[in-house]
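Reckoned from all heavy atoms, side chains included, excluding hydrogens, waters and symmetry mates. Ligands are counted one by one from 1 in listed order, and the atoms in each one are counted from 1 as well.
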Amino acid sequence: LGIAVYVGTLGYLETRVNTPFDDEKVVQNSGLSIPERYWGTYRPGVYLGLKSREPRSPVFGLMWYDLASAAQKGIRHWCDQGDNLPTYGWLWHDGVSFGEQRISDPPHNIITSFVKTPGGEHGGHWTARINVTSKINTSTPFALIWYAALDESLGGAALHSRLWLDGDSLLGHTPHLHNFKINLLPHSGKLLHMSHSEAHAPGLHLLKEKLYSLLREHKLSGPHGRVPALGQDEDLTGQEKEVNFVPIQLLVQPPFVLDVVYSTEDLPTPPLKGDEYTTVLENKKKDFDEEFEKKFKLAEKGYKQEDIAIAKAAMSNMIGGIGYFYGAGRVQSQYTREPVPYWRAPLYTAVPSRSFFPRGFLWDEGFHGLLIGRWSPDIQMDIVAHWLDLINVEGWIPREQILGSEALARVPKEFVVQSNAAANPPMLLITLAQFVNKNRELFEPHAPYRSMLDRMFSRLQAWYQWFQNTQKGEEPTSYRWRGREDDGLQLNPKTLSSGIDDYPRASHPSNIERHVDLRCWMYAAADAMATIADVLQRDTSKFEALRDQLGDEELLNELHWSPRTQTYADYGMHTDGVKLVRQAPKNPSEQAKLVRSVTTPPHPRLVTSAFGYVSLFPMLLKVLRPESDNLGKILANLDNPDLLWSPYGLRSLSKSSPLYMKRNTEHDPPYWRGQVWLNVNYLALAGLRHYARRAGPHAAAAAALHDRLRDNLVGNVLSEYKRTGYLWEQYSGEDGKGSGCKPFSGWTALFVLIMEGEY
Ligand code: 6A9
């Protein structure tokens with residue numbers, strides 16, 4: 001019936017991709033009605049930035065430069081790998097009331113912290129502190145810039161907001177905040193010069209560029225001579241533009257401590273500053289330390305203090321990396337001639353990486369939730385609620401969320417548009433079900449999260465059903481990731497929707513393909529739906545029926561088991577006879593480019609040569625029964641160093657696989673073709689633990705593998721952090737070195753749970 005109803009006019013189909021799911025939103029309270037999470041460091045893409053959880057919140061932030069090296073290094077603002085900072089990141093952050101971050105920018109060290117003072121009707125006060133020290137003794141000034149800016153790209157409330165200067169104070173008014181004031185109070189050290197500007201920036205993504213244009217030469221009395229100072233905005237004079245950017249620059253001589261004090265007019269309690277701030281911050285850090293130990297018990301388990309400090313930093317970066325985004329992504333369906341805007345929506349979410357991808361990713365968030373849910377159920381539920389409100393009437397959730405001008409500015413054009421044919425593993429659902437199951441008391445009738453979970457249910461069901469309707473394979477109970485495209489250039493066409501992008505699949509995408517990882521994800525999704533339905537006292541039978549069908553090992557083996565190699569594998573049009581070759585240019589002005597050449601034609605078969613993460617899924621997602629023979633075979637393969645086992649964790653692809661560490665195109669280095677990824681290693685540990693605790697012929701082997709794998713992973717992540725100052729996106733399976741982007745405190749931060757040993 002569903003299909004018949006929906007096959008209407010083309011126009012109707014066209015508008016489905018950006019029509020919201022038709023039910024009440026899960027998020028019912030936000031903004032000022034959740035005062036404790038109103039203000040935060042919700043701009044993870046800048047080194048220090050604050051805003052409120054209001055779609056049109058003004059934004060505040062820090063920039064700095066060293067006058068001795070400004071010509072080479074420029075101004076620091078966005079987290080940028082190109083800045084080559086030896087380390088930066090939150091060492092403490094509770095997601096609610098405070099945080100402290102260390103930034104190393106040699107020869108300077110910058111400690112940034114903030115503490116909130118809740119109260120009143122308009123969000124309360126907050127204070128941020130910036131403490132700059134230098135390792136060398138120099139008299140060269142150091143510039144600290146604090147700014148406020150309004151985002152006009154959204155119109156609406158921002159148009160009723162104002163920013164202006166009054167003496168050395170920055171004042172503002174918005175419909176939600178009413179009147180507020182920012183005072184910059186030097187707490188200690190020598191202030192050489194202060195300057196400011198009321199300016200107009202063409203957008204939040206161009207604040208630094210605007211700032212450069214405001215710098216003028218200024219003659220300072222004394223030994224410093226000419227220094228840069230903020231001056232008038234020439235663009236404003238005589239034009240109709242409004243002030244939307246107010247930067248204040250302090251030239252200081254480190255060591256220097258600055259208190260940035262934001263106060264709201266309606267709260268009589270004085271804002272924090274000076275020594276009182278120091279005391280409150282120290283107490284908050286102490287409370288955090290106690291809470292962290294209470295939750296994860298790392299000291300009790302015998303870990304060293306220096307390693308526990310790294311675990312705290314990892315957790316703090318996950319929580320401190322949470323952002324609040326607002327805007328409309330761009331989406332496309334087969335019925336839309338060109339990309340169309342999604343609806344404008346807020347997203348409260350953690351991000352995989354503050355430097356490289358400071359925005360939300362669907363399956364990443366499922367992994368983030370494993371850790372966030374342990375720290376704060378409130379934050380975790382709020383994040384899931386926001387994500388589920390992004391589901392459209394078809395039951396689709398876009399994989400990558402690029403909301404607002406700041407987020408958009410960081411994405412190359414070709415990655416912006418999201419297709420409604422593309423899935424992404426339903427980890428968010430699986431993590432939610434686990435959370436619900438472990439915290440049933442929060443979800444019983446009349447318990448705090450019961451009604452929220454009730455509102456979530458129709459959306460979860462729609463999402464689940466969307467997978468069933470759109471990602472099915474041709475054979476009964478088989479599944480196929482959509483969105484693989486053969487452009488003749490890639491050694492093996494990517495499967496971005498699967499989350500493991502260039503992991504080798506059938507060489508020639510076709511409709512006969514079936515993907516074993518997706519089938520296992522569907523098993524876990526059905527199981528998750530059954531759990532949630534059970535807690536909500538709803539009908540669980542159809543979820544259980546599918547779970548049991550997908551859990552039928554004979555069926556699974558028929559579709560995916562290779563008796564020859566004794567491994568699980570994808571199936572499709574496949575040949576191993578492919579290589580990249582230089583193609584002679586068609587005309588002399590063109591360069592020779594690399595293309596794929598097929599030396600043996602493909603035929604329908606299991607893709608057994610690609611042994612790796614995909615082959616492990618029946619164990620990773622606990623599809624196999626504890627007594628399964630095939631489980632025994634997976635475990636036996638697991639600790640073979642010629643295949644996946646390395647002293648740093650499990651490699652994504654076997655050393656013996658033909659595409660091991662092979663480039664996919666001229667411009668595309670290997671990514672999921674051998675490197676060690678923490679998220680899948682986490683699933684492996686959880687799977688091993690599961691089988692270790694179930695009586696059966698493989699329990700002892702699983703337990704032993706679990707412990708060795710855990711030690712390898714924890715040892716390497718910690719030692720790489722000590723060596724490089726960062727958590728990494730992935731680690732080399734050859735020498736353990738961090739690779740990909742940094743800092744990556746998304747799923748890599750799961751090593752905290754791995755240290756703890758709870759999954
Ligand atoms: C590229 C380049 C400055 C790729 O962690 C997010 C995702 C994962 O979901 C996925 O499993 N990462 C993994 O294979 C990163 C994706 C980044 C895509 C955007 C833009 C930025 O240039």
Engineer: Under the rule for side chain to side chain contact (heavy atoms under 4.5 Å, CB included), what residues qualify as partners of V595, not counting sequence neighbours?
Structural biologist: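 Scan of V595 (side chain to side chain contact (heavy atoms under 4.5 Å, CB included), adjacent residues dropped) gives L489, V581, Q583, K593.
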Engineer: Using a strict 4.0 Å threshold on nitrogen-to-oxygen distance, state whether E720 and K737 make a salt bridge.
Structural biologist: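 Looking at K737 together with E720, the answer is no, because their closest N to O distance does not fall below 4.0 Å.
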Engineer: Within the protein, flag every N or O under 3.5 Å from an N or O of ligand 1, and note the pair and distance.
Structural biologist:
residue, atom, partner, partner atom, Å
ligand 1, 5 (O), D364, OD2, 2.7
ligand 1, 9 (O), W363, NE1, 3.1
ligand 1, 9 (O), D364, OD1, 2.5
ligand 1, 11 (O), W363, NE1, 2.9
ligand 1, 11 (O), G499, O, 2.5
ligand 1, 14 (O), G499, O, 3.2
ligand 1, 14 (O), D501, OD1, 2.9
ligand 1, 14 (O), D501, OD2, 3.0
ligand 1, 14 (O), W672, NE1, 2.9

Engineer: Can you list every pair that meets salt bridge (charged side-chain N to carboxylate O under 4.0 Å, His left out) and has a residue in residues 79-90, with sequence neighbours left out?
Structural biologist: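 Checked against salt bridge (charged side-chain N to carboxylate O under 4.0 Å, His left out) - neighbours excluded - the pairs reaching residues 79-90 are R76-D83.
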Engineer: Name the residue from R505, R484, R480, K472 that meets the salt bridge (Lys or Arg N to Asp or Glu O under 4.0 Å) definition with E513.
Structural biologist: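 Only one of R505, R484, R480, K472 forms a salt bridge (Lys or Arg N to Asp or Glu O under 4.0 Å) with E513, namely R484.
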Engineer: Would you kindly say whether R482 and N420 are connected by a side-chain donor-acceptor distance under 3.5 Å?
Structural biologist: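 No donor-acceptor contact under 3.5 Å links the two side chains.
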Engineer: With sequence neighbours excluded, tell me which residues meet ring pair (Phe, Tyr, Trp, His ring centres under 6.0 Å) with Y88.
Structural biologist: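 If we apply the ring pair (Phe, Tyr, Trp, His ring centres under 6.0 Å) test to Y88, skipping adjacent residues, the hits are Y47, Y726.
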